[in-house]
Amino acid sequence: MNLTRDTGQLPLIRGLGGLKPASLVSIISQLTLQETWEEFLAYRLLKGRFNWHEFDEADAFVEKKNYLPLATKIALGEGLGLPTKKLINKMGSGKKRVVYSFAPDEMLILKLITFLLYKYDDLFAPNCYAFRRGLKASDAVFKINKAIRGQKMWAYKLDIHDYFNSIDIDILLPMLKEMLADDLSLYHFFEKLLTTNLAISNSQVIKEKHGVMAGTPTAPFLADVYLKEVDRYYYNKGVTYARYSDDIIMFAPDYDTLQQYKDQMCYFLAQYHLEVNPEKEKIYSPDEAYEFLGFKCHDHDIDISEATKKKMKGKISRKARSLLRWSHKNHIDPEKAMKGLINYFNRKFFESDDPETLTWSRWFFPVINQTEGMKEIDHYLQQNIRFLSTGKHNRTNYRVDYEQLKALGYRSLVNEYYKSSTKE
């Protein structure tokens, strides 16, 4: 495949009427074009979304044009198959969340569509940070801190309950039709995708409303469309405001003004048939550190939030207890269980088998400038590794010293943070 250099000129694509700028050709038509797939794969490779083995597989898929049968069907107006519904564990909690997926080739088609949908990126307000090309969660935190620096500001933070799966499709579709007015073929694809209220659950076909289907590649884009005008409202009013998917925070110079912003937000969400998660709703006074996207911010200091620490400790404790039960049941040497816990959290913190997933360190390390939160998590993980040596939480566990933990593969968050800072 060719990795072409960006010349600043609009790329030309062969449509039904000959060569046209890519922006004038329907995204649906582009699904059948090999050059579109090659550009998509090159972008994902350069962004680190593939390892080389995965890239070779994807490149072979494109080289053999295995995408063509499904892409042709979609171009002719056919939809995808039924999504599969499943429950997965929410990170750091014992709760479950509902996600959806399609067949592998359909998911790949949806990923390509999502890649091409960035042509509409400039239609979103600058205070929307979720799934925007060139914007990250860290940008939201840094921009907010800069905007409120030196001021005594009140803050209101909220989380929308089950956002993606709660989106009302009857409200979304007119918004989507307006945004995709230049590409009605794409709109009709989404209309078919979103109005099929069927899914496969436990090998059975069920009828349900499932919003934009969390877990599918196009869901983040559709979720941004749904609250696009809400974001724009606060942006036009000059409110210090940020939204990252279902997490929203806004600031005001006094409590009464903040209450007005909050009341307006609650009104908007009611109109969109959305609900606030009361467990994640909070007002912060000017003297408090506010929490957003897993970060705790106060003046210039940025650390890991209390909620993040609590979630991670819960995950560590549950995993340690699970490994202890497994080791007792199977008469496994405690050292093997200890290694298992270490390896699990090394992957969780620093590595990932899923190239779509931001590792814990990639999310937090570039933003934080304080290490107290990581020290607390380090200490808690060390306690639980030692717990697996005896099955009890007591002082005798400290016979396993820090050097022995390192010999088993343990990596400290604080140490890895300072290593990453040195490289930058």
Side-chain angles (χ1 to χ4, degrees), residues 4 6-44 67-68 70-80 106-135 164 167-196 211-213 216-233 235-236 243 245 272:
T4 56
D6 184 2
T7 63
Q9 297 177 332
L10 285 173
L12 297 179
I13 287 183
R14 187 170 298 282
L16 295 176
L19 287 173
K20 296 180 180 179
S23 60
L24 300 181
V25 177
S26 170
I27 283 177
I28 296 301
S29 299
Q30 294 179 53
L31 302 180
T32 61
L33 303 176
Q34 186 157 351
E35 56 263 38
T36 303
W37 282 91
E38 289 181 347
E39 182 186 357
F40 168 58
L41 295 188
Y43 176 83
R44 289 174 65 82
Y67 59 85
L68 202 52
L70 178 58
T72 302
K73 287 181 180 179
I74 293 173
L76 292 173
E78 295 187 31
L80 304 182
E106 293 174 329
M107 290 291 278
L108 199 54
I109 284 274
L110 290 175
K111 287 178 182 178
L112 175 57
I113 290 173
T114 302
F115 167 73
L116 297 172
L117 282 168
Y118 278 112
K119 66 181 281 190
Y120 298 102
D121 201 57
D122 61 354
L123 298 181
F124 298 108
N127 54 13
C128 171
Y129 291 89
F131 314 103
R132 304 282 303 279
R133 187 168 291 181
L135 287 179
F164 286 12
I167 288 174
D168 190 320
I169 300 306
D170 291 334
I171 296 175
L172 172 64
L173 285 177
M175 302 176 185
L176 196 59
K177 190 170 187 177
E178 180 181 2
M179 177 173 272
L180 305 181
D182 63 336
D183 194 343
L184 290 180
S185 295
L186 179 61
Y187 168 75
H188 291 309
F189 168 80
F190 276 123
E191 184 180 37
K192 187 182 293 288
L193 178 75
L194 298 172
T195 55
T196 304
V212 298
M213 294 173 283
T216 58
T218 51
F221 170 81
L222 297 169
D224 276 354
V225 173
Y226 198 61
L227 289 181
K228 179 169 71 75
E229 293 308 314
V230 175
D231 300 334
R232 184 68 64 179
Y233 171 84
Y235 178 74
N236 289 342
R243 182 172 69 84
S245 188
Y272 287 105

Q: Rounded at 0.5 Å granularity, tell me how far CE in Met175 sits from OH in Tyr272.
A: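 So the CE of Met175 and the OH of Tyr272 are separated by 4.0 Å.
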
Q: Is there a donor-acceptor contact under 3.5 Å from the side chain of Asp224 to the main chain of Phe124?
A: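 No, the answer is negative, given that no donor and acceptor are paired below the 3.5 Å cut-off.
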
Q: Could you measure the distance from the CD1 atom of Ile74 to the CG atom of Leu110? Nearest 0.5 Å is fine.
A: 7.5 Å

Q: Is the closest basic N to carboxylate O distance between Arg243 and Asp231 below 4.0 Å?
A: yes

Q: Within the distance-only criterion (no hydrogens, no angle test), does the side chain of Thr196 pair as donor or acceptor with the backbone N or O of Lys192 below 3.5 angstrom?
A: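 Yes, Thr196 side chain to Lys192 backbone: donor-acceptor pair under 3.5 Å.
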
Q: Report the distance from atom OG1 of Thr218 to atom CE of Met107, rounding to the nearest 0.5 Å.
A: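 Reported value, rounded in 0.5 Å steps: 9.0 Å.
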
Q: In terms of the angle between their ring planes, are Trp37 and Tyr67 parallel, tilted or perpendicular, with boundaries placed at 30° and 60°?
A: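 Rings of Trp37 and Tyr67: parallel, as their planes differ by under 30°.
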
Q: What closest approach, in Å, do Leu117 and Phe190 show between heavy atoms, and which atom pair accounts for it?
A: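 Distance-wise, the nearest heavy atoms are CD1-CZ, 4.0 Å.
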
Q: For Glu191 and Leu173, indicate whether the former's side chain and the latter's backbone hold a donor-acceptor pair under 3.5 Å.
A: no

Q: Between atom CD1 of Ile109 and atom NZ of Lys111, what is the distance when rounded to the nearest 0.5 Å?
A: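 Going from CD1 on Ile109 over to NZ on Lys111, the span is 12.0 Å.
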
Q: More than 12 heavy atoms of other residues, nucleotides or ligands under 6.0 Å from CD of Glu178: is that the case?
A: no

Q: Nearest heavy-atom pair of Tyr118 and Arg133: which atoms, and what distance?
A: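 In terms of heavy atoms, the two residues are closest at CD1-NH2, 2.8 Å.
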
Q: Is the shortest heavy-atom distance from the side chain of Phe189 to the side chain of Ile113 under 4.5 Å?
A: yes

Q: What is the minimum heavy-atom distance between Pro220 and Thr216, and which atoms define it?
A: CD-O, 3.6 Å

Q: To the nearest 0.5 Å, how far apart are CG in Leu116 and OG in Ser26?
A: 9.5 Å

Q: Using side-chain heavy atoms (C-beta onward) and a distance below 4.5 Å, is Leu80 in contact with Leu193?
A: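 Touching, per the 4.5 Å side-chain cut-off.
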
Q: Using the ring of each side chain (for Trp, its six-membered ring), is Phe115 parallel, tilted or perpendicular to Tyr43, with breaks at 30° and 60°?
A: tilted

Q: Which heavy-atom pair separates Gln30 from Val25 by the least distance, and what is that distance?
A: NE2-O, 3.0 Å

Q: List the atom of Leu172, the atom of Val212, and the distance in Å for their closest heavy-atom pair.
A: CD2-CG1, 3.7 Å

Q: Just verifying a value: how many Å separate Leu222 CG and Leu227 CG, rounded to the nearest 0.5 Å?
A: 12.0 Å

Q: Could you tell me if the side chain of Arg232 sits less than 4.5 Å from the side chain of Lys228, heavy atoms only?
A: no

Q: Provide the closest heavy-atom pair for Pro174 versus Asp170 in the form atom of the first, atom of the second, distance.
A: CD-O, 3.2 Å

